[in-house]
Amino acid sequence: MEYDYKKIESEVQARWEKEKTFRAIDFDKRKKYFALMEFPGPTAKGVHMGNVRSYIPADINARYHRLLGENVLYPIGYDAFGLPTENFALKEKIHPAIATENNIKNFSHQFSRLGLSFDWDRVVSTTDADYYKWTQFIFLKLFEKGLAYKDYAFVNYCPNCQVVLSNEDCQGGKCDRCGQDVEQKQRNVWFLKITEYAEKMLKLIDEADYSESVKMAQRNWIGKSEGALIDFKLKQADEKFKIFTTRPDTIFGVTFMVLAPENPIIDKYKDKISNFDEVLKYREEIKSITMFERREMQANKEKTGVKLNGLSCVNPLTNEEVPIFIADYVVMGYGTGAIMAVPAHDDRDKEFAIKFGVEIKEVYKEVDGKEVAVNSDFINGLAINEAKEAVIKFVEEKGIGQRKINYKMQEWAFNRQRYWGEPFPIIECSNCGFVPLDLKDLPLTLPDMENIKPSADGDSPLCKCHEWVNVKCPKCGCDAKRETDTMPQWAGSSWYWLRYIDPKNDNALADMDKLKYWGAVDLYTGGSEHVTRHMIYAQFWNLFLYDLGLVPERVPFKKRICCGLLLDSDGKKMSKSKGNSLDPLTVLETYSADTLRMHLAFMGDYEKAVVWSDAGMAGCERFLDKVWKLQEILQDDMQISNNHEVDLNVLIKNTRFMYDNFSHNTVVSELMKFINVIYKDNYITKGELKSFLIILNPIAPHISSYLFNKIYGEKIEDVLFPEYDSTKLERSVINIPIQINGKLKRNIDIDKGISEEDLMAKVKAETNLLDGKEIKKVIFVKDKILNIIVA
RNA sequence: GCCAGAGUGGUGGAAUGGCAGACGCGACGGACUCAAAAUCCGUUGAAGGCAACUUCGUGUGGGUUCAAGUCCCACCUCUGGCACCA
């Protein structure tokens, strides 16, 4: 009988669906295993090969853990709010809710076709009111604890599309949709005080089982630096301004100050600045460069700036007059937007000083082989760390400064002026300010609108829905308006794994007992691009919920591994936006899902980037064909034959270890090696095939499931991974290498466990390797190697 | 510039300090076939030799070791992340 994979795969998939084979059971006595995969944003273009490259190994791992007898929670959901769907809906003139529904249906269908073993009873979508009710709930909690507030800030605005864009939607300073240069526009926006959790997150990162590069990326993103704030007085006015420095000890080497060009203190004293026209001109110059270009150019750009004539300040420790410059290498968004410049000990300051001819004053010199401070009053003779402490102590005592920790991470700008997102459960009242909705009034659902196009001034389309916007203030009863911005796409994804644990709960985001049972995610798989933003946000929300006692785990993800990119033949990332992606379903026209799965597993390391090629697909197809044809050489015997005993035990031992280590490519090669042995002997017993099919199952679940059921009348999903017999891992006769002076000369067969003396005798008797040689030393590792050192 | 990871045949890639190149792809030769596809068998790191064999070989240069792709030092290249963050 031919192997009709299309028929078999759909048959097996239908059974999985009907029997709900992969359901996770709450409170089951077995060991739990929570395998989380980053959920996709469903798009009209469907799943692409880049996703599949990541999903298949995650699925293989989930299936393997089921075979270990664990109660596996392997869920799927959809991160369906956001611009891609909304833009598609605008273009096709359909409602985003309809588009979302279609996309989700399509994605689910494709996932089934690939044989992904999700628990379909736990599907969540961030766009369901039942789900975003709890996203709104978490926001209200943040608001209640003072961690959500509204403030003015610059946002990215595309003048052509007339929309506010997220940073991700305008990378390189160009609008993703139309390519237009993005402008910076000031708006009143919501912020979440994520920096309040910076320290807790840094501690969490230390504890989690992430790779060093993941930890580094996260720490880098948070960007902690320790130093001090120090007050500098203006000479021409009774006004102080603060600077942040990590090197307060170098204050004796300050020869100028630099303010960010936008620093408001400049405008406050513009009368005193005789060259204020130059300031304005400089501001214009740098304004034409977008934030993004500015960032890109930063590293190699030559320093620019303007000296403020008529305005200077006083070094609080030396009382010397210090000139003030403005320059774009100091940014308004970090620290205080002002620095003290110490050209002798900072490369950037030095570069600037040389270009503008400012004095350079050394603070540290090498004295007797030690770097110590000189010309610096009370810190003379001290090393850097002692000097830092001494200066901080001094400024704190004098009341002119204090110790300060700064973070690169900014507060989380938490809103979009778009329709397709979670509405804020907030009402703005002219008497009462921001009034939160009552929990019992959640969810606040999105109004059904015909026209969801954003308005010309960048306001949210919800502004136009007057019957929804205009409400009475819940506190004072007078006319008030709802918040019309919506939450960013990152909101729904910042807690979604928790909802999988209890997806239908109407009284809590999830039941505490269930949360305790499933605990932290055991393995979180996904792309490295989400290690910073998404995972930082998720860790933040989880810590916040933990502090409120709403979730039991401080560390949400025990372990994280990142999938390498899938590249096209030019080495470029395969992505839908680049148009070089591949639809996995077209591959399924020619090859079976098992073949595709096996090929992806065989391609290489999960964490490494791989170039897509279907060249290897034929090998996997041949292998599966051989698996099918095992039926023709099957012996009706449940025993393991002597011939195959060692091979089978080695197979079990090796593949178990390899599955544990996510090394799926070597599992495939072990299976191939074994089947080669089988075809050499031209028979396989039923006992042998049983183990073989189970080991194959995570990678090629359809064919293994079908054959298993057909041959043994059992379901492969009900059995356990085979155990190996550790006494049967080696044959009684083994082949070992004989080296002379560390160089391989012969391979000879020996009885297992042979002694050094017997082996030496054998070598002397059977070879001429030692004829006429003087033996200096013998290195013998039992059953492994014999190395003879001769003169 | 800083941080992390990686450099192995024509190719994807294997190797708890112990036979480098497993397994697959491709290529070449053969069987089957009128022929082709599919399938099966064999060869396949380089150089030398009729051969048994010999020499070289894991980015480069040193080192440790009986033994190094693997450990140590220095360097080169590539990939990813961060980057005028004070």
Side-chain angles (χ1 to χ4, degrees), chain A residues 211-221 223-225 227-228 243-248 250 258 260 294-304 327-331 333-342 345-349 351-352 406-410 528-529 531-532 562 564-565 567 571 598-599 602-605 607-620 622-623 625-626 629 657-658 663 665-676 679 735-747 776-781 783-790:
Chain A
S211 72
E212 218 30 61
S213 60
V214 169
K215 289 188 177 194
M216 206 51 80
Q218 294 199 347
R219 288 191 193 115
N220 226 321
W221 174 270
K224 177 179 179 176
S225 54
I243 58 95
F244 174 69
T245 177
T246 54
R247 293 291 304 278
T250 59
V258 186
R294 208 172 141 185
R295 271 177 75 179
E296 266 172 37
M297 291 163 67
Q298 275 165 0
N300 27 30
K301 200 183 107 182
E302 217 185 288
K303 295 275 176 296
T304 59
D328 66 350
Y329 84 91
V330 172
V331 294
Y334 184 78
T336 60
I339 62 158
M340 62 179 209
V342 187
H345 301 288
D346 184 287
D347 290 341
R348 295 152 298 171
D349 297 345
E351 202 190 313
F352 191 90
N406 234 323
Y407 301 97
K408 239 188 284 186
M409 181 172 66
Q410 310 276 304
S528 55
E529 71 272 25
V531 157
T532 42
C562 298
L565 293 178
L567 308 172
M598 186 161 209
H599 178 59
F602 198 34
M603 273 194 346
D605 203 307
E607 304 206 62
K608 255 208 205 137
V610 290
V611 174
W612 170 259
S613 143
D614 56 6
M617 203 84 96
C620 297
R622 274 176 215 150
F623 171 83
D625 228 44
K626 283 186 191 172
K629 292 203 174 103
F657 179 78
M658 289 160 178
S663 175
N665 55 336
T666 53
V667 172
V668 173
S669 94
E670 288 296 309
L671 288 163
M672 286 174 168
K673 266 194 242 178
F674 183 78
I675 212 166
N676 288 344
Y679 274 99
N735 191 269
I736 73 162
I738 310 299
Q739 296 181 341
I740 302 291
N741 292 345
K743 283 189 188 282
L744 175 71
K745 293 294 172 185
R746 293 285 185 283
N747 280 299
K776 291 228 150 165
K777 193 174 173 186
V778 175
I779 290 101
F780 173 69
V781 182
D783 295 337
K784 271 268 149 47
I785 199 164
L786 180 70
N787 186 8
I788 305 161
I789 311 305
V790 300

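Every chain is numbered from 1 and lettered A, B, ... according to where its sequence line falls, protein lines coming before strand lines.
Put simply, Lys673(A) has no side-chain N or O that comes within less than 4.0 Å of OP1 or OP2 on C23(B). Between Lys215(A) and G81(B) there is no side-chain N or O to OP1 or OP2 distance below 4.0 Å. For Thr666(A), no side-chain nitrogen or oxygen approaches OP1 or OP2 of G13(B) to under 4.0 Å. Side-chain N/O atoms of Asn665(A) include none lying less than 4.0 angstrom from OP1 or OP2 on A22(B). In this model, the phosphate group of A86(B) is not approached by any side-chain N or O of Asn406(A) to a distance below 4.0 Å at OP1 or OP2. Contact annotation: Arg622(A) reaches the phosphate of G26(B) (side-chain N/O to OP1 or OP2, under 4.0 Å).
In this structure, G61(B) is classed as anti because its glycosidic torsion departs from zero by more than 90°.
No hydrogens or angles were tested; on distance alone, nothing pairs the side chain of Asn220(A) with the base of C82(B) as donor and acceptor under 3.5 Å.
Cation-pi geometry between Lys303(A) and Tyr329(A) is satisfied (NZ or CZ under 6.0 Å from the ring centre, within 45° of the ring normal).
In the set G18(B), U54(B), G13(B), the nucleotide with an atom closest to the side chain of Lys745(A) is U54(B). Minimum atom distance to the side chain of Asn747(A) is reached by C19(B), of the listed C25(B), C19(B), G18(B).
The shortest heavy-atom contact between Gly619(A) and Met672(A) is O-CE, 4.3 Å. Between Phe623(A) and Ile675(A), the closest heavy-atom pair is CE1-CG2, 3.8 Å. Cys620(A) and Met598(A) get closest at one heavy-atom pair: SG-CG, 3.7 Å.
Pairing partner, C2(B): G81(B), with both Watson-Crick or wobble hydrogen-bond distances short of 3.5 Å. With a cut-off of 3.5 Å on both Watson-Crick or G-U wobble distances, the partner of U43(B) is given as A27(B).
Across all strands shown, Asn735(A) has heavy atoms under 4.0 Å from base atoms, whether or not it also approaches the sugar-phosphate. Using a 4.0 Å heavy-atom cutoff across all strands shown, Lys743(A) reaches sugar-phosphate atoms only and no base atom.
No side-chain donor-acceptor contact under 3.5 Å links Glu607(A) to the backbone of Asp605(A).
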